[in-house]
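Data first, discussion second: the structure below is written as structure tokens.
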Amino acid sequence: MDLRSLPKAELHLHLEGSAEPETLCEAVPGLTPEEARARMRFADFNGFLQAFKWVHSCLRRPEHFALVMRRLLARLAEEGVRYAEINVSAGVILWRGLPLDEVFTAIAEEGERGPLPVRFIFDAVRQFGVDHVQATAEAAVRWKARGVAGFGIGGDEARGPARLYREAFAYVRRHGLAAVPHGGETTGPESVWEALECGARRIGHGIRAVDDPQLVRHLREADVPLEICITSNVRTGAVRSLREHPVRRLFDAGVPLVLGADDPAMFETTLTREYELARDVFGFSEEELRRLAENSFR
């Protein structure tokens, strides 16, 4: 099976984390690819958050975000992606004091003339508190007509449990947006339960659900998918080693899964590579890989 040409959707992908070192160099005069790669290295999840913060700091004007978007869409089209829902770190943009409306207009325009249909998820920073998350939620609703389809929270789970943001998720759901928070990535299954209590339609990562048989059963019976990002979880230390990743156990337990690249430039991966890992490391058959691809569209 040619996994690169296999039709698939990408549902867990952060725009800013897709910015390649060479692209960042175009945005920052004097920056070299070697310097960019060094700043993008990290050893654990907290290091990743700091590296992501640095990458974001390189994007200073709407045209920088548009450039990242244009390059990302070209790469997605080359590897058989037919549809994408792209996380935009709207919360970080607001926190930095950048003009979110101008930035997102530039991103949306690139999406509208790109090679595949896209929608957007506005992502808030969960450790920044209730007011920040609510402001990001309101921005998501404001841009619904321009392709924003969902709202989520990322960042440090331990410092920003989902239960604090029930009202923000209720607000976006009342306005027709999907609740798609991260959860169960670096903390336990209780984080996934809290995301479900917020009305989550999908869970970003959710790998620690494997530690709670009742939660696994609920995800299966309620048909709530987990967005699994194998390379990401290894690189951030969310799992101790590649072979310890629970993707196979979750799949065999009947939990609906989709694969995602997460921050492909920072984790040096692609969506195709994630499918290859499922095949080569975890023994997914061609039929099972097709099922993962079908799940991504469903």
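Positions are given from 1 along the sequence. All of these numbers come straight from a predicted model, not from anything done at the bench.
Note that the CD atom of Glu16 and the CG atom of Leu59 stand 7.0 Å from one another [nearest 0.5 Å]. The line from OG of Ser57 to CZ of Arg39 is 7.0 Å long, rounded to the nearest 0.5 Å. Note that CD of Gln134 is 7.5 Å distant from CD of Glu167, once rounded to the nearest 0.5 Å. In this structure, CE in Met266 is found 11.0 Å from OG in Ser18, a value given to the nearest 0.5 Å. Taking NE2 of His205 as the reference point, atom OG of Ser191 lies at 11.0 Å (rounded to 0.5 Å). Atom CD1 of Ile207 is separated from atom CG of Leu250 by 8.5 Å, given to the nearest 0.5 angstrom.
Counting heavy atoms from C-beta outward, Ile121 and Val88 have side chains that stay 4.5 Å or more apart. Looking only at side-chain heavy atoms (C-beta outward), Glu157 and Arg126 come within less than 4.5 Å of each other. Side-chain atoms of Leu277 and Leu242, non-hydrogen and from C-beta on, do get closer than 4.5 Å to each other.
Phe297 and Tyr83 have their aromatic ring centers separated by at least 6.0 angstrom. Ring centroids of Phe48 and Phe267 are separated by less than 6.0 Å, placing the two rings close together. A ring-centre distance under 6.0 Å is found for Phe128 and Trp95.
At most 12 heavy atoms of other shown residues, nucleotides or ligands fall within 6.0 angstrom of atom CD in Glu287. In this structure, Asp2 places its CG atom where more than 12 heavy-atom neighbours from other residues, nucleotides or ligands lie under 6.0 Å away. No more than 12 heavy atoms of other residues, nucleotides or ligands sit less than 6.0 Å from atom CZ of Arg240. Within 6.0 Å of the CZ atom in Arg201, the count of heavy atoms belonging to other residues, nucleotides or ligands does not exceed 12.
Of the charged side-chain nitrogens involved, at least one lies within less than 4.0 Å of a carboxylate oxygen, so that Arg70 and Glu110 count as a salt-bridged pair. Here Arg291 does not pair with Glu294 in a salt bridge; the nearest charged N to carboxylate O distance is not below 4.0 Å. Here Glu26 pairs with Arg71 in a salt bridge; the nearest charged N to carboxylate O distance falls below 4.0 Å. The pair Arg279-Glu288 fails the salt-bridge criterion, with no side-chain N (NZ, NE, NH1 or NH2) lying under 4.0 Å from an Asp/Glu carboxylate O. Ion pair Arg298/Asp223 flagged as a salt bridge, since at least one NZ, NE, NH1 or NH2 atom sits closer than 4.0 Å to an Asp/Glu carboxylate oxygen. Ionic pairing of Arg290 and Glu286 is present here: one or more N-O contacts between side-chain nitrogen and carboxylate oxygen are shorter than 4.0 angstrom. Under a 4.0 Å N-O distance rule, the pair Arg208/Glu185 does not qualify as a salt bridge. A salt bridge is absent between Asp252 and Arg249: the closest approach of a Lys/Arg side-chain nitrogen to an acidic carboxylate oxygen does not fall below 4.0 angstrom. In this structure, Glu79 does not pair ionically with Arg4, as no charged nitrogen and carboxylate oxygen lie closer than 4.0 Å.
Using a 4.5 Å cut-off between side-chain heavy atoms of Ile, Leu, Val, Met, Phe, Trp and Tyr, with links allowed through other members, Ile230 and Leu257 fall into the same hydrophobic cluster. Under a hydrophobic clustering in which Ile, Leu, Val, Met, Phe, Trp and Tyr are joined whenever their side-chain heavy atoms come within less than 4.5 Å, directly or via other members, Leu196 and Tyr171 fall into the same cluster. When hydrophobic clusters are built by joining Ile, Leu, Val, Met, Phe, Trp and Tyr residues whose side-chain heavy atoms come closer than 4.5 Å, directly or via intermediates, Leu49 is grouped together with Val239. The hydrophobic cluster containing Val258 does not contain Phe120, counting ILVMFWY residues as joined when their side-chain heavy atoms lie under 4.5 angstrom apart, directly or transitively. Under the 4.5 Å side-chain heavy-atom criterion for Ile, Leu, Val, Met, Phe, Trp and Tyr, Val247 and Leu11 are members of distinct hydrophobic clusters.
For the 3.5 Å distance criterion, the side chains of His14 and Asp263 fail to qualify, holding no donor opposite an acceptor. Between the side chains of Thr269 and Glu274, a donor-acceptor pair is found at a separation under 3.5 Å. Neither side chain, Glu20 nor Thr23, offers a donor N or O lying under 3.5 Å from an acceptor on the other.
In terms of heavy atoms, Ala19 sits closest to Leu24 at CB-CD2, 3.8 Å. Here the shortest heavy-atom pairing between Pro189 and Ala209 reads CB-CA, 4.4 Å. Closest approach of Glu22 to Pro33, counting heavy atoms only: OE2-CB, 4.2 Å. Residues Glu194 and Pro161 approach most closely at OE1-CB, 3.4 Å, considering heavy atoms. The shortest heavy-atom contact between Arg146 and Ala108 is CG-CB, 3.7 Å. Here the shortest heavy-atom pairing between Lys8 and Leu3 reads NZ-O, 2.7 Å.
Judged as a ring pair (Phe, Tyr, Trp, His ring centres under 6.0 Å), and not counting sequence neighbours, the contacts of Phe284 are Phe251. The ring pair (Phe, Tyr, Trp, His ring centres under 6.0 Å) search around Tyr275 returns none, not counting sequence neighbours.
Ring pair Trp193/His218 is tilted by interplanar angle, where 30° to 60° counts as tilted.
In summary, of the residues considered (Asp262, Leu271, Val180), a side chain to side chain contact (heavy atoms under 4.5 Å, CB included) with His12 occurs for Asp262 alone.
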